[in-house]
Protein chains: 2
Amino acid sequence: MVNDDTRIQRDRRARILEAGLEVFSVEGFAGATLDGLANAAGLSKPNLLYYFPSKEAVYLALLERLLDTWLDPLRVLDPDGDPVVEFLAYVRRKLHLARDYPRESRLFAGEVLRGAPVLAPELSGDLRKLVDAQARVISGWMAAGRIAPSEPHHLIMSVWALTQHYADFAVQVSAVLGDTRDPWEEAEAHLTTMFTRMLTG
Amino acid sequence: MVNDDTRIQRDRRARILEAGLEVFSVEGFAGATLDGLANAAGLSKPNLLYYFPSKEAVYLALLERLLDTWLDPLRVLDPDGDPVVEFLAYVRRKLHLARDYPRESRLFAGEVLRGAPVLAPELSGDLRKLVDAQARVISGWMAAGRIAPSEPHHLIMSVWALTQHYADFAVQVSAVLGDTRDPWEEAEAHLTTMFTRMLTG
DNA sequence: CGAGTATTTGACCGTCTGGTCAAATGAACG
DNA sequence: CGTTCATTTGACCAGACGGTCAAATACTCG
């Protein structure tokens, strides 16, 4: 049969990856167990291993998929648009990404925290190229006097640091703000203010 | 003998905590092993357990000690000083803390990432009080028109997010900046610029 | 239906891990 | 020196963990 990917295979793999996201993002790679993974996926352990050869394979597949979903919305920075509008749109996109995909954010954070044993090559490869490209656009804006000068790479990293913080340190954010407030809504206002001032000098 | 803590006990406990910091900050609680811990401390496993009853006890002792060293330099915000100078000094203090104690920073980050199973009470207790106090000082400055208005809690969290980022995501920072640059020096300049603009509107 | 393949599972295994224990060693002191 | 207490250790254990395997079950299609 030429059919290489049956409906059931797609379904099981998807469920395993979903479960993996849930488990790895909370327990970390070391803390997660095959039993827990299988349980969260609603499968028996050997059944899970029928679809992925090992725990590490699930983790790898997850990280691989992550980088796509994660970096893709960040590629668009139109050099010809209004710099402040463009940049603020970028900030909002990144913030919404953290808000809507907190597990992905934490999974990524956990990897990098441990020294990125798996993701290191991607970081100094694809990621760096992406940042360099955006830094060039921003540099252009600054050179043209359209936004206040600053260090573009650090500016971009500031966006990451600030947006991811709300996802990765959600517990701390809630503890500090209290339960009655909406961190994400406030974050959007705050970051808008902050980066507007940063860019307009 | 009235002496309840011999020289050798202090030494061993200190070595264990030092080893724990090294190991837990890289491997996380789940990833760390007693053997690895004992090895890093230069002790045999049962010998380590002679000083701490369990792996968790080492972790707990570490987190407990952490909060002191970690939050203490952040208490000083003089309401009567120059707001921008005061706040920038705060930022620098926090940045140097992250630079000089990256393992502590990562240990803390790992805890909070996993939902702060241990530290949660402290976060909504001591930490929140500390932040509230500082937020009040900042609010006062804003009300007096001495700095541009913004949300004080988020302003403070921005400092944390940005400074810790350079320690917790050091691998990513290096990957993005390349090996020839000095992240910490650049970070200090960048954060000075950023928060100056933020505060002066 | 029946043959053949895809999927699922219970039982099992070797290894690692956190932790125990009794015995050995070392230090202090009269 | 001998006694006493603190420290250290090799040997050990029970449970968890990652992973295997052969057998059972479900599914597909002629």
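No experiment lies behind these values; they were computed from the predicted model shown. To find a chain, count down the sequence lines: A is the first, B the second, and so on, and within it residues start at 1.
Remark: B/Asp126 engages B/Glu122 in a side chain to side chain contact (heavy atoms under 4.5 Å, CB included) (not counting sequence neighbours).
Distances shown here put a side-chain N or O of B/Arg12 below 4.0 Å from the OP1 or OP2 atom of D/dT8. A sub-4.0 Å separation between OP1 or OP2 of D/dA6 and a side-chain N or O of B/Gln9 is absent.
Atom NZ of A/Lys55 is separated from atom P of C/dC16 by 14 Å (rounded to the nearest Å). C/dT17 atom C1' lies 15 Å from atom CD of B/Glu56, rounded to whole Å. Distance, B/Asp11 CG to D/dT7 P: 11 Å, rounded to whole Å. Rounded to whole angstrom, the span from the CZ atom of B/Arg7 across to the P atom of C/dA27 amounts to 13 Å. For the pair B/Ile8 CD1 and D/dC5 P, the interatomic distance rounds to 18 Å; values are reported in whole Å. Across the protein-nucleic acid pair, B/Glu27 atom CD and C/dC16 atom C1' stand 14 Å apart, rounded to whole Å.
DNA chain D is contacted by A/Ala32, A/Thr33, A/Leu34, A/Lys45, A/Pro46, A/Leu49 of residues 31-52 of chain A, taking any non-hydrogen atom closer than 4.0 Å.
Here the rule is side-chain contact (heavy atoms from CB on, under 4.5 Å) with B/Phe87, and of B/Ile147, B/Val137, B/Ile138 only B/Ile138 fits it. B/Tyr51 pairs with exactly one of B/Leu17, B/Val58, B/Ile16 by the side-chain contact (heavy atoms from CB on, under 4.5 Å) rule, that one being B/Ile16.
A salt bridge does not link A/Asp11 with A/Arg7: none of the charged nitrogens is closer than 4.0 Å to a carboxylate oxygen.
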List the steps, then state whether ring pair (Phe, Tyr, Trp, His ring centres under 6.0 Å) holds for B/Tyr166 with A/His154. CA-CA 10 Å; B/Tyr166 287 94; A/His154 287 266; 5.7 Å; yes
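Pairs passing the side chain to side chain donor-acceptor pair (under 3.5 Å) check and including a residue from residues 106-120 of chain B, sequence neighbours excluded, read B/Tyr59-B/Glu111.
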